[in-house]
Amino acid sequence: MVTVGVLALQGDVAEHLRALEDSGARALPVRRLAELDAVDALVIPGGESTTMSKLLVAFDLLGPLAERVRDGMPVWGTCAGMILLARVVLDGRPDQHSLGAIDMTVRRNAFGRQVDSYEEYLDVVGLDAPFHAVFIRAPWVEEVGSGVEVLARAGNTPDGPVVAVRSGHALATSFHPEVGGDGRLHRLFVDMASGN
(Lines give C-alpha, C1' and ligand atoms only; values in the text may rest on other atoms or scores of the structure.)
Protein backbone atom coordinates (compact mmCIF):
# COMPACT_ATOMS: atom_id res chain seq x y z
CA MET A 1 0.00 0.00 0.00
CA VAL A 2 1.32 3.42 -0.96
CA THR A 3 1.81 6.00 1.80
CA VAL A 4 0.69 9.51 0.87
CA GLY A 5 1.40 12.47 3.12
CA VAL A 6 -0.53 15.70 3.43
CA LEU A 7 1.52 18.76 4.32
CA ALA A 8 -0.07 19.63 7.66
CA LEU A 9 1.12 23.17 8.28
CA GLN A 10 -2.16 24.84 7.24
CA GLY A 11 -5.27 24.16 5.17
CA ASP A 12 -7.71 21.29 4.55
CA VAL A 13 -5.49 18.58 6.00
CA ALA A 14 -8.15 16.32 7.56
CA GLU A 15 -10.30 16.40 4.42
CA HIS A 16 -7.38 15.33 2.20
CA LEU A 17 -6.33 12.60 4.65
CA ARG A 18 -9.85 11.17 4.63
CA ALA A 19 -10.14 11.29 0.81
CA LEU A 20 -6.74 9.60 0.41
CA GLU A 21 -7.67 6.82 2.85
CA ASP A 22 -10.96 6.36 0.97
CA SER A 23 -8.88 6.04 -2.22
CA GLY A 24 -6.85 3.12 -0.87
CA ALA A 25 -3.74 4.89 0.42
CA ARG A 26 -2.21 5.00 3.86
CA ALA A 27 -2.42 8.73 4.65
CA LEU A 28 -0.22 10.62 7.09
CA PRO A 29 0.03 14.26 8.14
CA VAL A 30 3.48 15.74 7.45
CA ARG A 31 4.90 18.45 9.74
CA ARG A 32 8.45 17.22 10.34
CA LEU A 33 11.32 15.86 8.28
CA ALA A 34 10.91 12.33 9.67
CA GLU A 35 7.28 12.36 8.52
CA LEU A 36 8.28 13.59 5.06
CA ASP A 37 10.85 10.80 4.86
CA ALA A 38 8.11 8.25 5.67
CA VAL A 39 5.85 9.03 2.68
CA ASP A 40 5.93 7.94 -0.96
CA ALA A 41 4.00 10.98 -2.22
CA LEU A 42 2.70 14.29 -0.87
CA VAL A 43 -0.38 16.49 -1.17
CA ILE A 44 0.15 20.21 -0.56
CA PRO A 45 -3.33 21.48 0.39
CA GLY A 46 -5.03 24.81 0.00
CA GLY A 47 -4.49 27.55 2.55
CA GLU A 48 -2.52 30.76 2.27
CA SER A 49 0.55 30.28 0.07
CA THR A 50 2.75 32.94 1.70
CA THR A 51 2.05 31.57 5.18
CA MET A 52 2.69 28.00 4.02
CA SER A 53 5.95 29.10 2.41
CA LYS A 54 7.11 30.72 5.67
CA LEU A 55 6.06 27.66 7.69
CA LEU A 56 8.04 25.37 5.36
CA VAL A 57 11.12 27.44 6.21
CA ALA A 58 10.30 27.57 9.95
CA PHE A 59 9.85 23.77 10.09
CA ASP A 60 13.06 23.17 8.07
CA LEU A 61 11.05 21.43 5.36
CA LEU A 62 11.54 23.68 2.32
CA GLY A 63 14.93 22.31 1.22
CA PRO A 64 14.18 18.63 1.91
CA LEU A 65 10.77 18.88 0.23
CA ALA A 66 12.25 20.58 -2.84
CA GLU A 67 14.88 17.84 -3.03
CA ARG A 68 12.31 15.03 -2.77
CA VAL A 69 10.22 16.63 -5.52
CA ARG A 70 13.30 17.09 -7.75
CA ASP A 71 14.13 13.42 -7.17
CA GLY A 72 10.70 12.40 -8.50
CA MET A 73 8.42 12.05 -5.48
CA PRO A 74 4.81 12.37 -6.72
CA VAL A 75 3.31 15.64 -5.50
CA TRP A 76 -0.11 17.26 -5.86
CA GLY A 77 -0.80 20.88 -5.03
CA THR A 78 -4.37 22.14 -4.57
CA CYS A 79 -5.08 25.90 -4.60
CA ALA A 80 -2.22 27.32 -2.47
CA GLY A 81 -0.39 24.07 -3.17
CA MET A 82 -0.58 24.86 -6.90
CA ILE A 83 1.10 28.20 -6.20
CA LEU A 84 3.88 26.47 -4.23
CA LEU A 85 4.54 24.08 -7.15
CA ALA A 86 4.82 26.83 -9.79
CA ARG A 87 8.06 27.96 -11.40
CA VAL A 88 6.80 31.57 -11.53
CA VAL A 89 4.24 33.21 -9.19
CA LEU A 90 2.55 36.48 -10.17
CA ASP A 91 1.22 38.80 -7.46
CA GLY A 92 3.28 36.97 -4.85
CA ARG A 93 5.34 38.53 -2.09
CA PRO A 94 9.10 38.96 -2.42
CA ASP A 95 9.73 36.67 0.57
CA GLN A 96 7.48 33.90 -0.80
CA HIS A 97 9.18 30.62 -1.76
CA SER A 98 8.21 28.25 -4.56
CA LEU A 99 9.24 24.67 -5.25
CA GLY A 100 9.35 25.22 -9.02
CA ALA A 101 8.15 21.64 -9.63
CA ILE A 102 5.94 22.52 -12.61
CA ASP A 103 6.99 24.75 -15.49
CA MET A 104 4.04 27.10 -15.19
CA THR A 105 3.26 30.70 -14.32
CA VAL A 106 0.49 31.03 -11.71
CA ARG A 107 -1.41 34.15 -10.65
CA ARG A 108 -2.41 34.21 -6.98
CA ASN A 109 -6.08 34.98 -6.16
CA ALA A 110 -6.77 35.26 -9.90
CA PHE A 111 -10.48 34.60 -9.49
CA GLY A 112 -10.81 37.37 -6.89
CA ARG A 113 -11.41 37.66 -3.18
CA GLN A 114 -13.27 35.30 -0.84
CA VAL A 115 -16.65 36.72 -1.92
CA ASP A 116 -15.84 35.73 -5.52
CA SER A 117 -15.50 32.04 -4.62
CA TYR A 118 -17.69 29.76 -6.72
CA GLU A 119 -18.36 26.20 -7.89
CA GLU A 120 -18.67 24.63 -11.34
CA TYR A 121 -18.60 21.25 -13.05
CA LEU A 122 -15.34 20.84 -14.96
CA ASP A 123 -14.41 18.54 -17.80
CA VAL A 124 -11.10 17.04 -16.62
CA VAL A 125 -8.85 15.00 -18.91
CA GLY A 126 -8.84 11.39 -17.71
CA LEU A 127 -12.17 11.53 -15.87
CA ASP A 128 -15.30 9.98 -17.36
CA ALA A 129 -17.75 12.66 -16.19
CA PRO A 130 -17.58 16.33 -15.11
CA PHE A 131 -15.93 17.04 -11.75
CA HIS A 132 -17.59 19.27 -9.12
CA ALA A 133 -14.89 21.91 -8.50
CA VAL A 134 -14.93 24.38 -5.60
CA PHE A 135 -12.88 27.55 -6.13
CA ILE A 136 -11.95 29.59 -3.03
CA ARG A 137 -9.70 32.63 -3.62
CA ALA A 138 -8.21 30.44 -6.31
CA PRO A 139 -5.18 30.94 -8.54
CA TRP A 140 -5.10 30.13 -12.23
CA VAL A 141 -2.31 29.20 -14.61
CA GLU A 142 -1.36 31.91 -17.09
CA GLU A 143 1.33 30.01 -18.96
CA VAL A 144 2.64 26.44 -19.17
CA GLY A 145 5.90 25.03 -20.46
CA SER A 146 6.11 22.42 -23.21
CA GLY A 147 6.13 19.45 -20.81
CA VAL A 148 2.96 20.46 -18.96
CA GLU A 149 -0.40 18.88 -19.84
CA VAL A 150 -3.48 21.05 -19.35
CA LEU A 151 -6.18 18.90 -17.70
CA ALA A 152 -8.99 21.43 -17.23
CA ARG A 153 -10.04 24.99 -17.98
CA ALA A 154 -12.58 27.08 -16.11
CA GLY A 155 -15.82 27.38 -18.05
CA ASN A 156 -14.89 24.27 -20.07
CA THR A 157 -13.93 26.52 -23.00
CA PRO A 158 -10.74 26.33 -25.09
CA ASP A 159 -9.70 29.82 -23.95
CA GLY A 160 -10.84 29.56 -20.31
CA PRO A 161 -8.27 29.94 -17.52
CA VAL A 162 -6.19 26.81 -16.90
CA VAL A 163 -7.17 25.30 -13.53
CA ALA A 164 -5.62 21.80 -13.59
CA VAL A 165 -2.28 20.57 -14.95
CA ARG A 166 0.04 17.60 -14.82
CA SER A 167 3.76 17.48 -15.46
CA GLY A 168 5.34 14.05 -15.00
CA HIS A 169 5.10 13.20 -11.30
CA ALA A 170 3.46 16.53 -10.37
CA LEU A 171 -0.25 17.39 -10.41
CA ALA A 172 -1.83 20.75 -9.59
CA THR A 173 -5.41 21.98 -9.31
CA SER A 174 -6.51 25.52 -8.47
CA PHE A 175 -9.72 24.23 -6.89
CA HIS A 176 -10.39 22.20 -3.72
CA PRO A 177 -11.25 18.58 -4.66
CA GLU A 178 -11.26 17.55 -1.00
CA VAL A 179 -14.45 19.50 -0.25
CA GLY A 180 -16.65 18.54 -3.19
CA GLY A 181 -17.29 14.92 -2.23
CA ASP A 182 -15.86 13.51 -5.48
CA GLY A 183 -12.87 11.25 -4.82
CA ARG A 184 -11.81 10.66 -8.43
CA LEU A 185 -8.86 13.08 -8.40
CA HIS A 186 -7.61 11.61 -5.13
CA ARG A 187 -7.82 8.14 -6.71
CA LEU A 188 -5.94 9.46 -9.75
CA PHE A 189 -3.18 10.77 -7.49
CA VAL A 190 -3.02 7.55 -5.48
CA ASP A 191 -2.61 5.71 -8.81
CA MET A 192 0.19 8.13 -9.77
CA ALA A 193 1.86 7.58 -6.41
CA SER A 194 1.58 3.80 -6.90
CA GLY A 195 3.30 4.06 -10.27
CA ASN A 196 0.17 3.33 -12.33
Side-chain angles (χ1 to χ4, degrees), residues 4-13 15-17 19-20 23 25 27 29-31 36 39-57 59 61-62 64-92 96-111 122 124 131 133-145 147-152 154 161-180 185-186 188-193:
V4 181
V6 178
L7 187 65
L9 303 178
Q10 186 198 34
D12 286 346
V13 176
E15 294 86 346
H16 275 295
L17 290 169
L20 289 164
S23 299
V30 172
R31 290 182 197 86
L36 178 62
V39 301
D40 304 306
L42 185 73
V43 174
I44 303 174
E48 206 290 311
S49 60
T50 306
T51 301
M52 290 173 76
S53 167
K54 290 179 179 180
L55 289 170
L56 281 169
V57 171
F59 282 76
L61 284 173
L62 182 65
L65 175 54
E67 184 177 346
R68 288 285 311 273
V69 171
R70 272 193 308 273
D71 290 346
M73 177 183 70
V75 63
W76 176 18
T78 66
C79 198
M82 172 185 260
I83 295 166
L84 288 170
L85 293 179
R87 183 180 51 80
V88 176
V89 178
L90 303 176
D91 297 333
Q96 184 170 352
H97 300 281
S98 169
L99 297 168
I102 300 177
D103 185 10
M104 63 180 173
T105 299
V106 171
R107 183 171 301 279
R108 291 176 74 237
N109 300 329
F111 285 96
L122 289 177
V124 180
F131 188 91
V134 178
F135 293 85
I136 304 169
R137 292 181 59 218
W140 68 43
V141 179
E142 297 213 343
E143 184 178 341
V144 296
V148 179
E149 179 185 10
V150 173
L151 301 179
V162 174
V163 294
V165 298
R166 181 175 179 179
S167 179
H169 65 280
L171 178 68
T173 54
S174 64
F175 50 91
H176 289 262
E178 74 282 4
V179 298
L185 283 175
H186 285 85
L188 174 73
F189 186 63
V190 170
D191 285 347
M192 283 175 59

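Computed over heavy atoms, backbone and side chain alike; hydrogens, waters and symmetry mates excluded. Because the structure is a prediction, the values reported are computed rather than measured.
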Side chains of L171 and L151: does their closest heavy-atom pair fall under 4.5 Å?
-> yes
Calculate, to the nearest 0.5 Å, the distance between atoms CD1 and CD belonging to I102 and E149 respectively.
-> 11.5 Å
Min side-chain heavy-atom separation P45-L7 under 4.5 Å | yes
Under 3.5 Å donor-acceptor, S23 side chain and A19 backbone | yes
How would you list, by chain and number, every residue that makes a side chain to side chain contact (heavy atoms under 4.5 Å, CB included) with D191, sequence neighbours excluded?
-> N196
Answer yes or no: is there a donor N or O on one side and an acceptor on the other, between the side chain of S49 and the main chain of L84, under 3.5 Å?
-> no
Donor-acceptor pair, side chain of R166 and main chain of G168, under 3.5 angstrom | yes
Can you sort out the partners of A101 under side chain to side chain contact (heavy atoms under 4.5 Å, CB included), two or more places apart, ordered by chain and number?
-> V69, L85
The side-chain hydrogen bond (donor to acceptor under 3.5 Å, both in side chains) partners of E67 (sequence neighbours excluded) come to none
Over all heavy atoms of both residues, which pair between F189 and L42 is shortest? Give the atoms and the distance, please.
-> CZ-O, 3.6 Å
About how many Å separate CE of M52 and CD of Q10, when rounded to the nearest 0.5 Å?
-> 6.0 Å
Give the minimum heavy-atom separation between A154 and V163, together with the two atoms involved.
-> N-CG2, 3.8 Å
Sorted by chain and number, sequence neighbours left out, side-chain hydrogen bond (donor to acceptor under 3.5 Å, both in side chains) with R87 holds for D103
Kindly write out the residues that satisfy side-chain hydrogen bond (donor to acceptor under 3.5 Å, both in side chains) with T51, not counting sequence neighbours, or none if the list is empty.
-> E48
What are the two closest non-hydrogen atoms of L122 and F135, and how far apart are they?
-> CD1-CZ, 4.0 Å
Taking side-chain hydrogen bond (donor to acceptor under 3.5 Å, both in side chains) as the test, write out the residues that go with T50, two or more places apart.
-> Q96
Measure the shortest side-chain to side-chain distance between L62 and L99 over non-hydrogen atoms and say whether it is less than 4.5 angstrom.
-> yes
For L9 and L56 the tightest heavy-atom approach is CD1-N, 3.7 Å
V124 to A152 - nearest heavy-atom pair and separation | CG2-CB, 4.0 Å
Compare all side-chain heavy atoms of V106 with those of V141 and state whether any distance is below 4.5 angstrom.
-> yes
The reported gap from CG in L61 to CZ in R68 (rounded to nearest 0.5 angstrom) is 11.5 Å
Indicate every side-chain donor-acceptor pair of residues 73-80 with a distance under 3.5 Å to a residue at least two apart or in another chain.
from: W76; atom 1: NE1; to: T173; atom 2: OG1; distance (Å): 3.3
from: T78; atom 1: OG1; to: H16; atom 2: NE2; distance (Å): 3.3
from: T78; atom 1: OG1; to: G46; atom 2: N; distance (Å): 3.2

For F59, ring pair (Phe, Tyr, Trp, His ring centres under 6.0 Å) partners two or more places apart = none
Closest approach of I83 and S98, non-hydrogen atoms and distance?
-> O-OG, 4.0 Å
Beyond-backbone contact of H176 with E15, side-chain heavy atoms, under 4.5 angstrom = no
